[in-house]
Amino acid sequence: MKFKYLLILTFLLQFMGCGKKEAPKQNLEFTRESLDFTADRSTEMISPIRLTDITEESGIDFNHTTGAFGNKWMPETIGSGGGFLDYNNDGWPDIFLVNGAYWPGHEQSGKTPYPALYENNKDGTFMDVSTKAGLNFSIYGMGCAFADFDADGDIDIYITAVGTNKLLRNENGVFQDVTEKMGVTGNDPDRKNNPAWSTGAAWVDVDRDGWMDLFVDNYVKWTPESDIYTTRDGKNKSYATPDIYQGESCRLYRNIKGLRFEDITENAGVLNPEGKSLGVAIADFNNDHWPDIAVSNDTQPNFLYINDGDGTFTDQAIAAGIGYDEKGRARAGMGIDIADVYNDENLAIAIGNFSQEPLSLYAQTVGGLFHDRAGVAQLTRASLLQLTFGVHFTDLDNDGYVELITANGHIEPDINVVQQNITFKQSPQIFYNEGGKFMDISDQVGESFKDPVVGRGIATADIDKDGDTDILLTVNGGSPKLFRNDTESKNNSVTIKLNGKSPNQNAIGAKITLWNKGVMRNRMLRTGSSYLSQSDISNIIVGLGENEKADSIKVTWPASGKETIIKEYKSGTPLIITE
């Protein structure tokens with residue numbers, strides 16, 4: 001056992017007196033008992049962070065299509081995501097946006113909804129190259145994940161969808177559909193079953209052979225024919241929640257040298273039809289150099305798949321303390337992210353939850369156990385009413401501590417009729433990290449950031465190469481938001497680009513440890529996280545605070561476990577480290 005006897009003890013303590021898991025509810029009230037949030041502080045003016053909405057001036061002209069025509073089918077309110085990738089290898093992050101589609105028989109006049117690719121013009125603007133790149137197809141898309149699966153030197157795209165997913169191979173900037181050939185549809189191999197509804201995805205080298213394997217979240221068994229009528233007000237149809245649908249197992253595909261993929265879901269121990277999975281994040285929780293997988297589930301216990309190093313995984317979520325909340329209930333988990341928020345080598349898992357369920361912040365403690373410290377971290381009151389989809393850790397002011405950004409928005413347009421303190425459109429939030437305690441500074445970072453939207457995904461990249469992190473926010477049924485980071489700060493940073501050995505030339509899974517005046521900063525280069533979205537993997541920014549140099553930087557390479565150490569590196573010049 002990876003976590004030994006403490007896990008067993010935690011399991012017993014957690015379930016003594018808890019009884020059985022709550023039965024699924026078919027009413028949609030989602031009320032929760034009152035919780036004690038008295039530890040939370042009132043907001044003080046502390047924010048040095050300034051964000052500017054540059055969506056329109058940057059040339060991003062995209063509107064997400066839900067396909068809604070009045071029947072309120074469940075997928076219409078769940079998506080979708082997007083993110084950053086350097087599709088043309090020019091060293092600048094480009095933007096990819098997933099789109100929905102019209103339902104058969106309910107097409108609308110005008111432009112057919114396609115996914116979109118915007119090329120970075122290197123001057124703060126972007127150019128739509130979707131058609132040029134071969135993206136003129138319609139798919140009811142959900143999420144995306146980017147990696148070079150065939151080791152040919154350019155980044156490929158995986159799109160999750162309602163129905164069969166798409167794997168797009170990058171051929172010199174033009175994408176070719178190779179889904180069926182590669183065998184990564186996201187569906188149950190039993191052809192008698194309907195195509196799955198896939199959501200989050202992550203590229204991860206689970207067996208450390210250098211080739212990128214693929215983990216795919218699946219949500220619930222839903223089709224237009226099996227749609228179930230639900231209502232909040234007793235009069236009108238509402239968008240359903242997953243309680244009343246059967247779950248669908250995630251899928252894990254092993255990459256066979258870039259030639260094809262093998263479905264190893266069952267053999268790897270991750271076959272679980274009880275999951276209703278939305279978010280996925282990768283980390284090495286026990287520092288054994290084998291990547292582990294955390295999955296957030298909606299109204300079901302979360303998963304924590306610990307890599308056994310022999311091709312199999314063991315789900316330790318309940319024993320480790322992240323399966324349920326502190327009262328033994330499964331929350332409605334949406335997005336997920338992982339970071340060292342305390343700079344002490346212990347990881348914390350953030351999960352966005354339904355309205356009336358505050359954010360979860362499971363902090364790692366002794367023996368690999370986790371404890372939800374959202375209350376102690378002062379996240380609870382400020383996140384209680386929001387329905388949080390995207391969650392993402394990033395250091396916005398380069399002080400060395402990661403902030404937490406959330407994308408919020410309800411699933412039901414008429415929620416305010418039955419719950420007057422909750423709205424459909426909700427403002428995103430930024431929680432400023434003060435050494436492990438978080439302050440909601442959302443109303444201090446810029447007027448445009450306060451605008452309520454139906455937020456879904458969060459992704460980050462340094463789009464203008466000025467040494468700080470910019471933000472992309474995806475919006476359900478609307479236009480995305482691109483925020484340029486205009487923070488004026490005395491803090492410095494180091495931008496690190498890793499060149500790994502083939503086939504993992506992007507060094508996905510590498511760990512970066514930076515020491516500065518006795519303080520440690522830990523980062524991991526990985527895909528997935530947030531909600532249906534992916535941040536830039538071509539460059540990693542590590543904040544130094546007011547210090548002008550890093551005392552040392554260590555890179556632990558993913559396949560070999562070998563280390564490269566750089567001594568005394570000054571800020572201001574990008575650092576390229578080759579394995």
Side-chain angles (χ1 to χ4, degrees), residues 62-82 96-117 130-131 133-144 157-168 175-181 183-201 216-231 236-242 244-248 251 276 278 298 411-413 454 456-457 474-479 532:
F62 175 87
N63 196 77
H64 172 253
T65 297
T66 68
F69 62 95
N71 274 19
K72 289 197 171 181
W73 284 349
M74 193 177 176
E76 296 167 358
T77 195
I78 298 299
S80 62
F96 181 79
L97 295 165
V98 180
N99 209 348
Y102 298 131
W103 298 110
H106 300 279
E107 292 80 5
Q108 299 178 21
S109 60
K111 185 179 178 181
T112 302
Y114 296 148
L117 178 64
S130 309
T131 301
L135 301 178
N136 51 340
F137 58 83
S138 186
I139 181 175
Y140 206 103
M142 285 283 135
C144 54
I157 299 175
Y158 190 72
I159 305 175
T160 61
V162 179
T164 297
N165 303 333
K166 276 192 182 293
L167 176 59
L168 304 175
F175 292 91
Q176 305 292 331
D177 186 350
V178 294
T179 315
E180 293 292 340
K181 177 182 177 182
V184 287
T185 62
N187 302 326
D188 188 323
D190 187 346
R191 294 286 181 173
K192 292 182 293 184
N193 292 329
N194 288 318
W197 173 0
S198 299
T199 49
V216 180
D217 283 349
N218 284 322
Y219 194 33
V220 296
K221 292 183 180 295
W222 177 94
T223 64
E225 294 74 24
S226 65
D227 184 70
I228 298 174
Y229 182 94
T230 57
T231 180
N236 303 297
K237 189 177 191 291
S238 301
Y239 282 111
T241 56
I244 54 179
Y245 290 98
Q246 183 180 349
E248 180 101 26
R251 312 305 304 183
K276 299 175 181 180
L278 287 174
D298 190 355
I411 64 170
E412 176 52 55
V454 187
R456 292 298 180 255
T474 68
V475 175
N476 179 266
S479 300
L532 309 180

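For reference, positions follow the sequence shown, starting with 1. What you see is a predicted model, and the numbers here were worked out from it, not measured in a lab.
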When you compare the side chain of [Y] with that of [X], does any pair of heavy atoms fall below 4.5 Å?
X    : Y    : value
V98  : P115 : no
V178 : L168 : no
Q246 : V220 : no
Y239 : T230 : no
Y245 : M74  : yes

Do [X] side-chain atoms and [Y] backbone N/O form a donor-acceptor pair below 3.5 Å?
X    : Y    : value
K276 : P242 : yes
T474 : G82  : no
D227 : Y229 : no
N476 : G79  : yes
R251 : V184 : no

Residue set satisfying ring pair (Phe, Tyr, Trp, His ring centres under 6.0 Å) with Y140, at least two apart, ordered chain then number -> W103

Non-hydrogen atoms of [X] and [Y] that approach each other most closely:
X    : Y    : answer
I411 : P413 : O-CD, 3.6 Å
P113 : G100 : CB-O, 3.6 Å
D190 : D188 : N-OD1, 2.8 Å

Does a side chain donor of either [X] or [Y] reach within less than 3.5 Å of an acceptor in the other side chain?
X    : Y    : result
N136 : T131 : no
E248 : Y219 : no
Y114 : N99  : no

Out of curiosity, [X] [atom1] to [Y] [atom2], how far, rounded to the nearest 0.5 Å?
X    : Y    : atom1 : atom2 : result
Y158 : S198 : OH    : OG    : 5.5 Å
L278 : T199 : CG    : OG1   : 5.0 Å
F175 : L117 : CZ    : CG    : 6.0 Å
F137 : I159 : CZ    : CD1   : 4.0 Å
K237 : W73  : NZ    : CH2   : 9.0 Å
T241 : D298 : OG1   : CG    : 7.5 Å

Sorted by chain and number, sequence neighbours left out, side chain to side chain donor-acceptor pair (under 3.5 Å) with S80 holds for H64

For N187, the side chain to side chain donor-acceptor pair (under 3.5 Å) test, sequence neighbours excluded, returns T164, T185

Sorted by chain and residue number, the salt bridge (Lys or Arg N to Asp or Glu O under 4.0 Å) partners of K181 (sequence neighbours excluded) come out as none

Checklist line | side-chain contact (heavy atoms from CB on, under 4.5 Å) evaluation trace for M142 with W197 | finding: CA-CA 9 Å; M142 285 283 135; W197 173 0; 3.6 Å; yes

For residues 63-73, the salt bridge (charged side-chain N to carboxylate O under 4.0 Å, His left out) pairs (sequence neighbours left out) are K72-E412, K72-D414

In short, salt bridge (charged side-chain N to carboxylate O under 4.0 Å, His left out) pairs touching residues 98-112 with sequence neighbours left out are none

* To do: Please test N165 against T160 for side-chain hydrogen bond (donor to acceptor under 3.5 Å, both in side chains), starting from the C-alpha separation and ending with a verdict.
  => CA-CA 5 Å; N165 303 333; T160 61; 5.3 Å; no

